[in-house]
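Notes to accompany the following structure.
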2 protein chains.
Amino acid sequence: MKTEFKFSYPSSEKVYLSGKLYPELKVGMRKVHLTPTVTIKKGERCEENNVPVYIYDTSGAYSDPNIDINLECGLPKLRQPWVVKRRERETQMYFAKQGVITEEMEYVAIRENMNCKELGISTRITPAFVCKEIAEGRAVIPANKKHPESEPMIIGTNFLVKINANIGNSSTSSDIEQEIEKAVWSCKWGCDTLMDLSTGKDIHETRERILRNCPVPVGTVPMYQAFEKVNGKITALNWEIFRDTLIEQCEQGVDYFTIHCGIRLKNIHFADNRLTGIVSRGGSIISKWCKEHQKESFLYDHFDDICDICAKYDVAISLGDGLRPGCTHDANDAAQFAELDTMGELVERAWAKNVQVFIEGPGHVPMHKIKENMERQIDKCHGAPFYTLGPLVTDIAPAYDHITSAIGASLIGWYGTAMLCYVTPKEHLALPEKEDVRIGVITYKIAAHAADLAKGHPSASIRDNALSKARYDFRWKDQFNLALDPERALEYYKASNSVDANYCTMCGPHFCAARISHSLKDCEE
Amino acid sequence: MKTEFKFSYPSSEKVYLSGKLYPELKVGMRKVHLTPTVTIKKGERCEENNVPVYIYDTSGAYSDPNIDINLECGLPKLRQPWVVKRRERETQMYFAKQGVITEEMEYVAIRENMNCKELGISTRITPAFVCKEIAEGRAVIPANKKHPESEPMIIGTNFLVKINANIGNSSTSSDIEQEIEKAVWSCKWGCDTLMDLSTGKDIHETRERILRNCPVPVGTVPMYQAFEKVNGKITALNWEIFRDTLIEQCEQGVDYFTIHCGIRLKNIHFADNRLTGIVSRGGSIISKWCKEHQKESFLYDHFDDICDICAKYDVAISLGDGLRPGCTHDANDAAQFAELDTMGELVERAWAKNVQVFIEGPGHVPMHKIKENMERQIDKCHGAPFYTLGPLVTDIAPAYDHITSAIGASLIGWYGTAMLCYVTPKEHLALPEKEDVRIGVITYKIAAHAADLAKGHPSASIRDNALSKARYDFRWKDQFNLALDPERALEYYKASNSVDANYCTMCGPHFCAARISHSLKDCEE
C-alpha cells in the first residue's frame with residue numbers, strides 16, 4: 001500500500017532558515033504572504049504593504065511541495081548526520097553541561113524566534129541560552145538518536161508553550177492506517193509532540209509506522225505494551241518484561257517515555273478516600289501491582305536502570321502522574337502531592353545520569369487550585385518542565401472537555417507549564433476520531449498561544465496583530481490565512497457571505513462598526 | 001401559525017419551590033434523579049442510594065409537561081399579580097433601599113440556593129441579603145413591569161455567574177420564526193438572559209414575539225432601532241427619536257437596555273491610533289455622531305432623562321462599552337479606560353433615580369491584562385455589576401472564538417464579573433445559527449460554572465461531584481443526565497460504545513483505570 005499525505009496552507013510558502021554555528025541546518029517555517037492594505041485618500045487609491053508572517057511549523061515534509069512522501073519508506077532522516085557522530089550516553093544534557101551547543105540546540109533556537117529577525121525584535125532565546133536551559137534541567141529536547149526523522153523542538157518554561165496530541169488504538173477500536181492518518185493530521189494542525197497510547201492489537205507495528213512518518217517527537221507509555229505482554233495479568237508484570245519493552249521502544253526511536261515511577265507503596269492509601277480513585281491507567285496498574293505484592297514498585301526500585309537505558313539513546317523521561325486527580329473534588333490532595341515529592345527526588349537522579357526529564361501534571365483542578373500545582377511543581381521538582389493534561393476546571397461537561405480543559409491549560413501555561421497535553425471532545429466518552437483530533441489540536445494551540453501572549457513571549461503577538469489588522473481592513477482572506485484553522489474559518493464565512501464584501505451578515509452594510517470607525521478619519525479631514 | 005416548543009431533560013422532573021415570605025411563589029427547578037451505586041461485597045449485591053441533584057433551570061414553561069405552550073398567546077404571566085400593585089418609579093432598587101423584600105427578591109434567593117436546603121448547606125444568599133445587594137447597587141434584577149412572563153434572576157458578583165445569549169437578525173439574514181426558535185433554544189441550554197440584537201427587518205415585531213415567549217429577561221440595544229428609523233443616516237439621529245424608541249421598547253417589556261452613554265466627544269480621539277479602531281456598533285455610531293456635529297452625545301447629555309424613563313418601567317441600564325478593544329493589541333488602552341471613568345459617574349446618577357445599572361466590558365484582552373479590567377471596573381464603578389463579552393484572549397482563532405473567549409470569560413468571572421455574554425463559533429464570520437447558539441451557550445455555561453467553583457459558591461460543586469461519582473461508578477446514563485449537554489454526551493458515547501458496559505472504547509476492558517482502582521479495595525479484604 002502506498003499513500004500520499006501532502007497538504008498546503010493557503011497563501012503560504014514553506015521556507016527554511018539556516019544556522020550560524022551549523023550552516024547546514026534547514027529549519028522549516030511557514031511564511032504567510034499578505035495582500036496590501038488599500039485605502040482611498042482624496043479619491044486616490046493608496047496601497048500599504050503588509051509584511052509576511054512566519055508561523056512555527058510542525059508539519060515537516062508533508063507541507064513541502066518539493067519532497068515526495070511515501071509512507072512505506074518514511075520521512076527524510078534529517079538528524080542522521082548529527083547523531084552518527086555521537087557516542088553512547090552522549091545526551092543533549094551531557095553536551096549542554098559541557099557547554100557544547102548541538103545541532104538540535106541551534107535548530108530550536110532558530111525555530112523559537114520566528115519573525116524576530118525580520119522585525120528586528122531582540123530575543124533572549126539564543127543557542128547559548130538553549131544550552132544553559134538544557135544543562136540546568138529547565139528545558140528538554142526529546143530526540144532519540146534512533147528517531148532521526150523528527151525535527152528538534154524544545155520543552156521548557158522559557159520557550160513557546162508546546163502541545164501534545166494523543167492518538168492510539170484500544171482493543172475495541174481503530175487500525176494502523178487510521179492511526180497514521182491521525183498522526184499526520186495532528187502535525188498538520190500544529191501538535192508539537194505526539195503520544196502513541198495504543199493498547200490494542202499491533203502495538204509494535206503501529207508505533208513503527210508512526211515513528212518513521214512522524215516529523216515531531218513521539219512519546220509512549222511503555223507500561224501499556226508490557227501489560228499486553230502479560231495478557232493483562234498485573235501480578236505477572238516484572239522488571240525484566242518492562243526493561244525489555246523499554247529497550248524495544250528505545251530501539252524503535254521513541255523520544256520520551258511516560259513512566260509512573262513516582263508511585264510508592266506507602267502513598268497509595270492516600271487515594272482510598274477519593275471520589276474517583278486512581279484514573280491513570282499506568283498509575284492504577286502499578287498501584288495494584290504494589291498492593292498485590294506488598295512491595296515497592298519495580299519502576300521506583302529500578303529507576304537508575306531506567307535512566308541508564310534512556311541515557312544510551314537519549315530518550316527523555318516524562319514522570320507520569322499516576323495519582324493525578326480524576327475529578328475536581330480530588331484535586332491537590334495528599335495522594336497527588338506525595339507523588340510529586342517522589343518525582344522531585346527522581347528528577348535529581350535522572351539529571352545525575354544526564355537524562356532529560358519532565359513532570360506530568362493533572363488532570364482535573366478547579367481554577368483557584370491551579371496555581372498551587374505550578375508553584376509546588378517548580379519547587380519540588382527543581383525547575384524541571386511541567387507537562388499537564390488540561391487541567392479540566394469542571395467535571396460537568398462531557399462532550400466539551402476540550403473546552404473545560406483548555407481553560408485550565410491556558411491558566412497553567414501562563415503560570416509556567418511548558419507543554420499541554422490536548423483533550424478532545426470525546427474525552428471520557430470514546431477514542432478520538434480524525435475530526436476530534438483536529439478540534440483538540442486547535443483548541444490547545446489556542447491555550448498555548450494565549451499563554452505565550454500572557455507570558456510576554458516577544459514574537460507571540462505578531463500573528464494576532466497581523467490578523468487583527470487584516471480583519472479591520474476587510475482583508476478577509478488574509479484574516480483566514482493567518483488563522484489557526486484557515487479552512488474552518490473560510491467555510492463558516494462562505495456559508496453566509498460573499499468573499500471580498502466590505503461587510504458581513506453579522507451587521508449588514510449599514511451597521512458595520514469597522515466601516516463607521518474607518519470613516520471617523522474623514523470627519524477630521 | 002402555531003408552533004409547539006416543548007422539551008424534556010433525561011431523568012429529570014420539573015419541580016417548583018415555594019417561598020416563605022411569599023408562599024405563592026413557584027420557583028422552577030430541574031430535579032435529576034439518579035440510579036443507585038451498585039457494588040458486590042463478598043458476593044452480595046449492595047445498593048447505595050444517590051440523592052437527586054437540583055439544577056438551576058432557565059427553560060421556563062417549555063420544560064413543564066403540564067403547561068401548554070402556544071407561541072401566539074405567549075407564556076404564562078407569572079409576575080402579573082406582583083407588578084399590578086406597584087406604582088410608577090417603584091423599582092427593585094427603590095424597594096430595596098426601603099428594606100422591602102419583593103417577590104422577585106425572594107424568588108431569586110430560592111433559585112440561587114438549589115441543593116442547599118436538601119443537603120443542609122448553609123448559605124448567605126437569603127432574601128434579606130438579596131435586598132441589601134440590590135439597595136447598594138452590587139446586584140441587579142432586570143425585570144420590566146411590562147415583561148411579566150420572565151422568571152426573576154439576579155446579576156451580581158455575590159451570586160451565581162450568569163450568561164447572556166445574543167440573537168437577532170441583520171438586513172441580510174434570518175427571519176422572525178428563526179429568531180424565536182433560537183431564543184427558546186438558548187433558554188433550553190441555559191442562557192440566563194437574552195439579547196435581541198436585530199438590526200434588519202421587522203425589529204419591533206421580532207422583539208414582540210421574543211418577549212412574549214421568553215422566560216428570561218430580554219435586553220436590547222435601542223440605538224439599533226433608532227438608527228433604522230433614520231435609514232442609517234447617522235447625523236439624522238437625535239434625542240427625540242432615541243427617546244421615542246426607548247419608550248416603545250419599555251412598553252413592549254424589554255428588561256435592560258445597552259446604551260453607550262459613556263462616550264464623550266473629548267475622549268473619542270483616544271481610539272485614533274488603535275489597530276482596530278471602534279468595534280462596537282453602537283459605539284461607532286455615536287462617536288461618528290459626536291464628531292460630525294462636534295457636540296457631546298445626546299446619550300450622555302440626556303442620561304437623566306433616560307433614567308427617568310427606565311425608572312418608570314423598572315428597566316435596567318447596561319452601560320455599553322462603545323470603546324471596548326476589538327483586538328488584544330488595543331486592550332486596556334486610554335480610550336477604553338476613559339469611557340470606564342465616565343461610566344462610573346453615570347452609575348451614581350442612575351442610582352440616585354433608583355435605576356438598576358450594570359457595566360459592559362471587553363472584548364479582546366490577553367490573560368495577563370484581564371485582572372486590571374475587573375479591579376478597575378469595581379473601583380471606578382462603585383461595585384456595580386460587570387457584564388463582559390468574553391474577553392477573547394487571542395485573535396488568531398476565528399471559527400473557535402467561543403473557546404478563545406471562554407478562557408477569558410472564566411478568568412474574569414472568577415475575578416468577579418457577574419454576567420458573561422456568550423460568543424459563538426461564528427463570531428467575526430457570520431450570524432450564529434441554531435447549532436452555534438447551542439455551542440455558545442454550553443461553552444459559556446462551562447465558563448460561568450468554572451468561575452462559580454473557583455469563587456467557592458457553596459452549592460456549585462454538588463453537580464461536579466455527583467457526575468464524577470457517576471463516572472467512577474460506570475453509571476453512564478447518570479453521568480450524561482448530569483452533563484450540561486446530555487444529548488451530545490450520549491451521542492458521542494453511543495457512536496462507539498454499548499451503553500451499560502463497564503468499560504469503553506478508550507481503554508477496552510483490561511486497561512480501565514477505574515476498574516483497576518475499584519479492585520484495589522479487594523486487595524485489602
Side-chain angles (χ1 to χ4, degrees), chain A residues 170-173 199 232 275-281 284 288 291 327-329 366-368 393-400 403-404 407 410 414 426 429-431 442-443 446 449-450 453-454 463-465 467-469 472 483-485 488-489 492-493 496 505-506 508 510-511 513 516-517 523, chain B residues 170-173 199 232 275-281 284 288 291 327-329 366-368 393-400 403-404 407 410 414 426 429-431 442-443 446 449-450 453-454 463-465 467-469 472 483-485 488-489 492-493 496 505-506 508 510-511 513 516-517 523:
Chain A
S170 77
S171 62
T172 66
S173 81
T199 58
L275 193 57
T276 59
I278 301 175
V279 297
S280 149
R281 294 192 289 210
S284 66
K288 178 86 173 175
K291 291 200 79 166
C327 63
T328 52
H329 177 275
M367 283 195 287
H368 62 300
V393 296
T394 166
D395 308 308
I396 67 169
Y400 298 82
I403 300 175
T404 63
I407 295 165
S410 309
W414 173 23
K426 295 280 172 68
L429 302 171
L431 279 183
I442 297 290
T443 302
I446 290 170
H449 185 73
L453 287 175
R463 187 173 179 182
D464 293 78
N465 296 346
L467 189 147
S468 297
K469 186 166 187 282
Y472 191 59
L484 283 177
D485 187 343
R488 181 74 17 107
Y492 284 175
Y493 180 77
S496 51
T505 60
M506 284 170 286
H510 291 310
F511 272 91
I516 298 170
S517 179
C523 302
Chain B
S170 78
S171 63
T172 66
S173 81
T199 58
L275 193 57
T276 58
I278 300 174
V279 298
S280 148
R281 295 192 289 209
S284 67
K288 178 86 172 173
K291 291 200 79 168
C327 61
T328 52
H329 178 274
M367 281 195 287
H368 61 301
V393 296
T394 166
D395 308 309
I396 66 169
Y400 298 82
I403 299 175
T404 64
I407 295 165
S410 308
W414 174 22
K426 293 281 171 66
L429 302 170
L431 279 183
I442 297 290
T443 303
I446 290 169
H449 185 73
L453 287 176
R463 188 173 177 181
D464 293 78
N465 296 346
L467 190 147
S468 297
K469 185 165 189 283
Y472 192 58
L484 282 177
D485 188 343
R488 180 78 12 111
Y492 285 175
Y493 180 77
S496 51
T505 60
M506 285 171 285
H510 291 310
F511 272 90
I516 298 170
S517 179
C523 301

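The chains referred to below are lettered A, B, ... by the order of the sequence lines, with proteins before strands, and numbering in each begins at 1. Keep in mind that the numbers below use all heavy atoms, side chains included, and drop hydrogens, waters and symmetry copies.
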Under 4.5 Å, counting heavy-atom pairs only, tell me which of B/S280, B/S410, B/A450 racks up the most with chain A.
-> B/S410
Contact winner vs chain B - A/V279, A/T328, A/N465, heavy-atom pairs under 4.5 Å = A/N465
What closest approach, in Å, do B/S284 and A/A513 show between heavy atoms, and which atom pair accounts for it?
-> OG-CA, 3.4 Å
Between CD1 of A/I446 and OH of B/Y400, what distance do you get to the nearest 0.5 Å?
-> 7.5 Å
Who among A/G232, A/A489, A/C327 has the most heavy-atom pairs with chain B under 4.5 Å?
-> A/A489
For A/R488 and B/A399 the tightest heavy-atom approach is CG-CB, 3.6 Å
Can you name the closest pair of heavy atoms from A/D464 and B/T394 and give their distance?
-> OD2-OG1, 2.7 Å
So which of B/R281, B/K426, B/R463, B/K469 has the biggest tally of heavy-atom pairs under 4.5 Å with chain A?
-> B/R281
Contact check, side chains of B/I516 and A/I278, non-hydrogen atoms, under 4.5 Å | no
Just how far is it from atom CD1 of B/I407 to atom CD1 of A/I403, taken to the nearest 0.5 Å?
-> 9.5 Å
Minimal heavy-atom distance between A/A430 and B/Y492, with the atoms involved, is CB-O, 4.2 Å
How far apart are the closest heavy atoms of B/L467 and A/P398, and which atoms are they?
-> CD1-CD, 4.1 Å
With a 4.5 angstrom heavy-atom cut-off, which part of B/I442 approaches chain A: side chain, backbone, both or neither?
-> side chain
Looking only at heavy atoms, which two atoms of A/A454 and B/H368 are closest? And how far apart?
-> CA-ND1, 3.3 Å
Does any heavy atom of chain A fall under 4.5 Å from the side chain of B/S496, the backbone, both, or neither of them?
-> side chain
Heavy-atom proximity to chain B below 4.5 Å, by part of A/L453 | both
To the nearest 0.5 Å, tell me how far A/S468 OG sits from B/D395 CG.
-> 3.5 Å
Is chain B contacted by the side chain of A/T276, its backbone, both, or neither, given a heavy-atom distance below 4.5 Å?
-> both
Greatest number of heavy atom pairs closer than 4.5 Å to chain A - which of B/V393, B/L484, B/I396, B/T404 | B/I396
Portion of A/H329 that has a non-hydrogen atom of chain B nearer than 4.5 angstrom = both
